[in-house]
Amino acid sequence: YEYSLQHVSCIQPFMLNESIHGQWSGRMAFTLAAAGATIGLGNIWRFPYMASEYGGLVFVLIYLVCMAFIGLPILMAELMIGRMGRQSPVHSIRELAEKTGRTRNWQIVGWMAIIAGILILSFYSVIAGWSMGYLFRTAAGTFEDTTLDGSSAIFGFLISDPERLLAWHTLFLLMTYFIVARGIHRGLELAIKILMPVLLVLMLLLLAYAMNSGEFGNGVSHMLFPETSKLTDVKSLGLVILSAMGQSFFTLTLGAGAMLVYGAYMPANVPITSSSITIVLLDTLFAVIGGMIMFPIIFANGLESVAFNNGLSGQYGPGLIFQTLPLAFGQMPWGNLFGGMFFLMLIVAALTSSIALLEPLVAYLVERHKTSRRMAASVGVSIAWVLGLGTIFSFNIWSGVYLLESFGIFVGKTIYHLFDLLASNILRPLGGLLIAIFAGRVLQWKSTEDELSIGQEYCGYALWRVSVRYISPVLLVIVLIYSLLK
């Protein structure tokens, strides 16, 4: 209690003590919620595939260094801005800018985050719908004794059916709506306290299953064995570093408004620095466990050549998840049960992220229009549902529609690719760059030091300030350019 009073007393007078939306009940609730926002579909399958592709332990070590200078500083900045403003991203940034004598146009950064979040949710829900469809297919034994061609045909049949995709897309968004509409305590926090333990139990059960597959050592070695050859070739090393830099930013759901609004709900006595480090460690741990689950199962069924040599993995691993792994589960004892558990795990991970993506827009609508959370959540879900139609049709009836093909960088890009490009490759890294500038150069030095609660005698605050003012912006410019050109 005394620490709480000391902490609150050093906060700037214009800061709100608590968000009008409520706040997390404590540090554990916040940590689970923030970790749930970062642990999603791409986190579970993208990190393991990137580690196996870009040098194993070499990639992981470079990734951790990049996380220290990109992911962690920006995560701390977003949580700090959120808690100082105690409102939606738009209103928090606008008021903080005005109180420091800067233009209110900084609120554009908040708008960029909200737009990025709702765009990501619109296609994220479609891909989460694939997992929902595969949960029932795998549990029902659809992949028993099937072939690679058969597995590919099943996936092709799913994404070519717009009505089926629309049904799963709608169901997933309704689940997201039901949680967010109930508010912080009865909705987000209650759901997180249920979903995160379920996610952990499912991952541990699947890990035990992978450990008994007979190829656990080979699978883990494939993902983490250090390929020192990546260090000798300049071009290869550059690609590893660029990939690690991008992953260290994107994996934490930065630039999408989630951490800004979750920070607004943080209790004043929850330390930002140690909580941020915990979130980073949990995010990395779950990603590594995801690889420890997938690769041994693939190796146990002799499918490594299919997974890694035939181009099925793709940039974000849809082939690995929806074609290779179901084929493996179909050939293994108890494969139907554990295959169903695997896709249930993906659904749970997707849900903990989707509620974080929707919340920034809901918070803004409640503040701006004085409407109820149910109405605000309805509006947000409706926007994501309509935008999601573009993604659904991009895989079937609009698969040959390229709206901006006359521009060089957009050649061959469907509506889904355009949404992904705008949200993931432009708005998020650009927003992260502006957040770094805002936190490091616009906000007053004393207010940020007090809010982060890091004494300079430990060199912690000085390191964060140097990172967010100089190192992070430069690296984010590189991430932005790489995201646009790759």
Side-chain angles (χ1 to χ4, degrees), residues 4 16-40 78-79 82-83 85-92 114 117-118 121 124-125 128 132 170-202 253 256-270 275 278-279 282 344-345 347-385:
S4 300
L16 301 176
N17 291 324
E18 183 177 339
S19 167
I20 64 169
H21 310 283
Q23 68 179 30
W24 307 113
S25 60
R27 179 172 182 174
M28 180 61 69
F30 161 73
T31 303
L32 288 176
T38 68
I39 300 167
E78 290 201 4
L79 293 176
R83 189 161 70 179
R86 292 294 189 190
Q87 299 176 81
S88 66
V90 172
H91 291 144
S92 287
I114 289 177
I118 210 69
L121 178 60
Y124 194 81
S125 63
M132 298 176 76
T170 303
L171 178 58
F172 183 81
L173 284 178
L174 286 175
M175 293 166 59
T176 304
Y177 163 81
F178 178 75
I179 294 172
V180 175
R182 290 172 59 85
I184 305 301
H185 295 294
R186 296 188 304 115
L188 275 71
E189 186 170 320
L190 178 60
I192 288 295
K193 287 182 176 179
I194 296 173
L195 293 175
M196 287 301 288
V198 169
L199 178 62
L200 178 60
V201 169
L202 288 172
T253 322
M259 293 306 169
L260 286 165
V261 76
Y262 275 17
Y265 307 154
M266 284 182 71
N269 62 346
V270 175
S275 297
T278 301
I279 294 165
L282 286 174
L344 178 60
M345 175 187 72
I347 295 168
V348 172
L351 197 54
T352 59
S353 297
S354 68
I355 60 179
L357 293 170
L358 179 61
E359 180 63 22
L361 177 59
V362 171
Y364 171 79
L365 292 175
V366 170
E367 294 166 4
R368 178 67 177 83
H369 299 288
K370 312 301 181 186
T371 187
S372 67
R373 284 190 64 90
R374 289 186 178 182
M375 178 59 69
S378 298
V379 173
V381 165
S382 297
I383 294 172
W385 186 87

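These numbers were taken from a predicted model, which means no experiment stands behind them. The analysis underlying the following values was restricted to heavy atoms, covering all of them including side chains, and did not include hydrogens, waters or symmetry mates.
- A donor-acceptor pair shorter than 3.5 Å can be found between the side chains of S354 and T176.
- Going from atom CE of M175 over to atom OG of S125 covers 11.5 Å, rounded to the nearest 0.5 Å.
- To the nearest 0.5 Å, atom OG of residue S25 and atom CD1 of residue I184 are 11.0 Å apart.
- R373 and E359 are joined by a salt bridge, as a carboxylate oxygen and a charged side-chain nitrogen come within less than 4.0 angstrom of each other.
- Residue A258 comes nearest to A356 through the heavy atom pair CB-O, 3.6 Å, listed as atom of the first residue, atom of the second, then distance.
- The two residues A34 and I279 have their closest heavy-atom pair at CB-CD1, 3.4 Å.
- The structure places OG1 of T278 at 9.0 Å from CE of M28, a figure rounded to the nearest 0.5 Å.
- With hydrogens and angles disregarded, a donor-acceptor distance shorter than 3.5 Å links the side chain of S353 to the backbone of A37.
- In plain terms, the two heavy atoms of T38 and T253 that are nearest each other are CA-OG1, 3.4 Å.
- Side-chain contact check for V379 versus T371: every heavy-atom pair is 4.5 Å or farther apart.
- The OH atom of Y262 lies 12.5 Å from the OG1 atom of T31; values are rounded to the nearest 0.5 Å.
- A distance of 9.5 Å separates CG of L173 from CH2 of W385, quoted to the nearest 0.5 Å.
- Of all heavy-atom pairs between E189 and Q23, the closest is OE1-O, 4.3 Å.
- The backbone N or O of Y177 lies less than 3.5 Å from no partner atom in the side chain of R182, so there is not a single donor-acceptor pair.
- Here the shortest heavy-atom pairing between T352 and I39 reads OG1-O, 3.6 Å.
- Taking every heavy atom of both residues into account, Y124 and G40 meet most closely at OH-CA, 3.3 Å.
- One finds the CG atom of L365 at 7.0 Å from the CD1 atom of I383 (value rounded to the nearest 0.5 Å).
- Considering only heavy atoms from C-beta on, I118 stays 4.5 Å or farther from L357 through its side chain.
- Among L202, V201, L195, the one residue that satisfies the side chain to side chain contact (heavy atoms under 4.5 Å, CB included) test with V198 is L202.
- Ring-plane geometry between F30 and W24 is classed as tilted, the angle between the planes lying from 30 to 60 degrees on a 0 to 90 degree scale.
- Using modelled atom types, no side-chain atom of Q87 and backbone atom of E367 make a donor-acceptor pair closer than 3.5 Å.
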### Message
Working note: V270 + R83, criterion side-chain contact (heavy atoms from CB on, under 4.5 Å); need CA distance, chi angles, decisive distance, verdict.
### Response
CA-CA 10 Å; V270 175; R83 189 161 70 179; 4.2 Å; yes
